[in-house]
2 protein chains.
Amino acid sequence: MAQRNILQFIILGLINERPKTGYDLTKDFDYAIGEFWTAQHSQIYPQLKSLETKGWLSHTEEISGEKLNRKRYAITTTGQAALSHWLSTATAHPTNGKDEFVLKLYFLHDQNDARLRPMLTAQQADHEQRRDHLRRQLATKFPNGSDPHDFGHFLILDHAVRREEEYCQWLQAALEQLPKGASK
Amino acid sequence: MAQRNILQFIILGLINERPKTGYDLTKDFDYAIGEFWTAQHSQIYPQLKSLETKGWLSHTEEISGEKLNRKRYAITTTGQAALSHWLSTATAHPTNGKDEFVLKLYFLHDQNDARLRPMLTAQQADHEQRRDHLRRQLATKFPNGSDPHDFGHFLILDHAVRREEEYCQWLQAALEQLPKGASK
DNA sequence: TTAAAACATGTAATTAATTACATGTATAAA
DNA sequence: TTTATACATGTAATTAATTACATGTTTTAA
């Protein structure tokens with residue numbers, strides 16, 4: 001097995017909140033969730049079918065407007081049991097964490113390499129923008145700090161902000177260690 | 001294309017340091033590099049072949065002991081050009097960052113959920129151990145702070161330490177926000 | 001009214017990555 | 001001396017994930 005099909009449980013968890021369409025799920029991955037897991041609709045629709053075959057989901061058809069047919073999936077009791085089991089299973093340390101930029105830096109062994117500064121400043125702009133965006137999201141969604149009834153959402157956003165803050169601080173520290181003068 | 005075959009450039013970068021065998025490369029991914037990219041030998045050996053076909057690598061055979069044949073790959077000038085081009089190409093924001101644990105937390109919407117505390121403390125133990133291990137590595141490898149001739153290595157380790165520190169701080173903050181008493 | 005954007009759902013082709021299969025040799029410690 | 005560990009290199013099977021292909025409807029704003 002190349003992995004344990006975590007996506008199915010994420011879909012289960014998202015539908016457990018309330019019945020959803022494939023399109024709804026696709027949007028969920030563009031949102032808070034997307035900071036820690038992504039999936040395209042081409043992965044989602046087949047997965048929904050397979051989850052229904054397993055009996056973990058069931059769907060009802062809705063018509064919107066004249067003819068647009070939409071499938072809304074709901075979790076079954078067996079599905080809830082499967083979700084609950086996944087949630088209470090020990091989670092391995094994240095193995096992923098692939099970051100192309102960090103690898104590029106690694107190969108620039110020399111502190112005097114002329115490419116170092118522009119690379120770092122470009123990434124800094126990107127990550128600072130991301131950080132500010134996430135901060136605004138957190139402040140908008142949770143103006144009074146954590147919400148006891150949407151704690152998971154708060155945690156995920158808080159973590160995303162902290163992660164970007166760390167990234168920015170690290171880039172800043174790296175830039176400060178660069179030799180002052182020109183990069184020969 | 002499912003991705004841009006970043007692995008080939010990482011292998012190129014690693015071999016650019018000095019000629020290496022497939023086994024050497026496999027070990028590299030267990031080390032500092034492994035915090036930000038992983039690859040198994042089953043991915044590495046085919047990639048070495050394909051890089052040689054491209055003319056970016058060439059190998060010489062070595063005999064160790066009686067008959068053990070080992071292939072040591074070296075980078076060619078075209079390979080160095082390709083590596084250099086990759087290094088100076090703008091890097092997209094990391095899209096990955098998949099973390100199963102964070103998703104599990106997300107689905108535990110309620111701050112009073114009994115599963116929250118044991119999950120967080122288990123992860124805390126894991127990440128604190130990892131953090132301490134990385135701190136020791138950094139202190140051993142770079143006892144006087146950053147080394148100007150191995151700056152990339154310093155940066156990657158420093159980043160790994162900071163990332164784990166952030167993770168631990170986030171987990172700690174989450175635990176502190178949990179209701180004091182029993183989790184009904 | 002018309003055009004763009006969002007809603008909506010699928011499949012096909014390709015690549016990336018993991019796990020398992022497969023087979024040895026060299027060295028160091030017990 | 002024997003046994004465990006590290007060294008060493010591959011392939012096969014499977015799964016995960018991305019990109020591209022494919023087609024349409026509904027709603028909103030210009």
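Protein chains get the first letters and strands the later ones, always in sequence-line order, with residue 1 at the start of each.
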Fill in the blank from the handout: Sorted by number, residues from residues 11-24 of chain B placing a heavy atom under 4.0 Å from DNA chain D are B:T21, B:G22, B:Y23
Taking atom [atom2] of [N] as reference, at what distance in whole Å does atom [atom1] of [X] sit?
X      : N      : atom1 : atom2 : result
A:E61  : C:dT9  : CD    : C1'   : 11 Å
A:F9   : D:dA16 : CZ    : C1'   : 15 Å
A:N69  : C:dC7  : CG    : C1'   : 13 Å
A:Q43  : D:dT18 : CD    : P     : 6 Å
B:I6   : C:dA16 : CD1   : P     : 9 Å
A:L7   : D:dA17 : CG    : P     : 7 Å
A:E100 : D:dT18 : CD    : P     : 15 Å
B:K27  : D:dA6  : NZ    : P     : 8 Å

Exercise for the section: Report whether A:L157 and B:L175 are members of the same hydrophobic cluster (ILVMFWY, side-chain heavy atoms less than 4.5 Å apart, transitive linking). Expected result: yes
Expected rows: protein N/O vs nucleotides 3-5 of chain D N/O, under 3.5 Å:
none

Practice task
Supply the atom-to-atom distance B:E164 CD to B:E128 CD, rounded to the nearest 0.5 angstrom.
Solution key: 10.5 Å
Practice task
Hey, could you give me the CG/OG1 distance between B:D126 and B:T121, rounded to the nearest 0.5 Å?
Solution key: 11.5 Å
Distance-only polar pair, side chains of [X] and [Y], donor-acceptor under 3.5 Å:
X      : Y      : result
A:W170 : A:Q123 : no
B:H133 : B:Q137 : yes
A:Q172 : A:E176 : yes

Exercise for the section: Could you tell me whether the phosphate oxygens of C:dA17, OP1 or OP2, come under 4.0 Å of any side-chain nitrogen or oxygen in A:K98? Expected result: yes
Problem - Any B:S42 side-chain N or O less than 4.0 Å from OP1/OP2 of C:dA16 - result: no
Fill in the blank from the handout: Applying side-chain contact (heavy atoms from CB on, under 4.5 Å) to A:K20 and not counting sequence neighbours gives A:L14, A:I15, A:E17, A:R18, A:D24, A:L25, A:D28
Handout entry: Set of residues satisfying side-chain contact (heavy atoms from CB on, under 4.5 Å) with respect to A:T78, sequence neighbours excluded
Key = A:W56, A:T76
Problem - Near-strand residues of residues 45-56 of chain A, defined as heavy-atom separation under 4.0 angstrom from DNA chain C - result: A:Y45, A:K49
Exercise for the section: Report yes if the side chains of B:R130 and B:Y167 come closer than 4.5 Å at any heavy-atom pair, otherwise no. Expected result: no
Completion exercise
By nearest-heavy-atom nucleotide on DNA chain D, the more 5' of A:Q40 and B:H41 is B:H41
Practice task
Spell out, as yes or no, whether a donor-acceptor pair under 3.5 Å connects the side chain of A:S88 to the backbone of A:S84.
Solution key: yes
Exercise for the section: Determine, for A:R162 against A:D158, whether the closest basic-nitrogen to carboxylate-oxygen distance falls under 4.0 angstrom. Expected result: yes
Please report, to 0.1 Å, the donor-acceptor pairs under 3.5 Å made by any side chain of residues 147-156 of chain B, with sequence neighbours excluded.
| residue | atom | partner | partner atom | Å |
| --- | --- | --- | --- | --- |
| B:D147 | OD1 | B:H149 | N | 2.9 |
| B:D150 | OD2 | B:H153 | ND1 | 3.4 |

Exercise for the section: With the side chain of A:K71 defined as its heavy atoms from C-beta on, choose the nearest nucleotide among D:dA17, C:dT18, C:dG10. Expected result: C:dG10
